[in-house]
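Have a look at the structure below before the remarks.
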Amino acid sequence: MKQKIQEKFKSLFGEEGVLYASAGRINLIGEHTDYNGGYVFPGAIDCGIMAAIKVNGTPKVKVFSLDYNELCEFGLEEKDAPEKAWARYIFGVCRETIKRGGKVEGFNAVFAGDVPLGAGLSSSAALESCFAFALNDIFKNNIDKFELAKIGQSTEHNYCGVKCGIMDQFASVFGKEGALIRLNCKTLEYKYFPFHPKGYKLVLIDSCVKHELASSAYNKRRASCENAAAAIRKKHPEVEFLSDAKRLWLDEVREEIPQEDFLRAEYVIGEVQRVLDVCDALERDDYETVGEMMYQTHFGLSRLYEVSCEELDFLNKLARKMDVTGSRVMGGGFGGCTINLVKEELYDGFIAAAKEQFQAKFGHAPKIYDVVISDGARKL
Ligand code: GLA
């Protein structure tokens, strides 16, 4: 990929650029908890975005996407926002850097990626954090790493219409080889947990289902949670985020909020606790408990949060039937992957059965990705 990027850069701009990279992410547990001030437990993976970049001495940014085979040129003022979806991420990162007092001047860039799109592996966060990290380095802005993650998050909010939490961009910026990171999304305290589950494999099965309305459905879930938190806050003013609420407090407002909001909140409150339980279990190498929590999360995401789909429920059920230790839908949902914790000796049989039975039922094959936990944003 490096070579292809540099060759294109040379042919377009007559020299080589400086190379930067960033990563997609997995999340072992803690889904839809980030914008509720709860815990998440992600890690960066070995696929991501790579970009060659160089200042060009003009007021314009010229970016070429190798994957789309398209060039886009834009200025750095708010009114210059490009139409192309992929370019809006880069424009957003420039604008959000400038809003934070950072310097950004015209530059040339060529980038490419190998994060499967729409699989729930945060290809967009990888793109944002690659450029946020690179611009910070090139223009010597000295913006700290959390703020770089927030530049990506605000890009989603302000330029792409997704009111996401901080998990994806955090994982993409802070990721470290061989480690998952537990982040408290309210206090932003975090801790690395080495993750080498002996005798197990972590594998993703991509249903290849993409939900068209995923971003509006996502924003709707967030609104439900905020509504539930607001109702609880009236009785318990200490509740800033939904994750601050006790389960009992949710029961107290049951009649005051729509049933749908109640179910969403019930899931979130349970999920925050499950992240802590999984971290405790990991410290004892108790993978059976980790796996059981993953199944509980799937149940919650499917029945209470309603972000699963027939294909993902099918894969989850099959995992259970084949004694896979843990399995659940991963990421925002509405399609994408399941993440599975599988005993090594069961791996081949499980993957073969998943491929065959999924194909027979849905008429297309799922994709299989073995997870390698890797470094996040960096200069190459
Ligand atoms: C998407 C969002 C994240 C997070 C997950 C669900 O990936 O970008 O902020 O909310 O969904 O856990």
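Both ligands and their constituent atoms are indexed starting at 1 by order of listing. Predicted, not measured: the structure shown is a model, and the values here were computed from it. If you read the sequence from its start, that first residue is 1, and numbering goes on from there.
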Check your understanding: Hey, do the aromatic rings of Y218 and Y35 have their centres closer than 6.0 Å?
Key -> yes
Exercise for review: Taking the six-membered ring for Trp and the full ring for Phe, Tyr or His, determine whether the centres of F170 and F146 are under 6.0 Å apart.
Suggested key: yes
Check your understanding: Is K99 atom NZ crowded by more than 12 heavy atoms from other residues, nucleotides or ligands, each under 6.0 Å away?
Key -> yes
Study note, to complete from the structure: Pocket residues around ligand 1 (non-hydrogen, under 4.0 Å) come out as R25, E31, H32, D34, Y35, C164, G165, M167, D168, Y218, G331, G332
Point to revise | Distance, nearest 0.5 Å, that separates CZ of F299 from CG of D313 | key: 10.5 Å
Revision key, fill the gap. For N141, the side-chain contact (heavy atoms from CB on, under 4.5 Å) test, sequence neighbours excluded, returns T97, K103, N136, F139, I143
Check your understanding: Is K355 atom NZ crowded by more than 12 heavy atoms from other residues, nucleotides or ligands, each under 6.0 Å away?
Key -> no
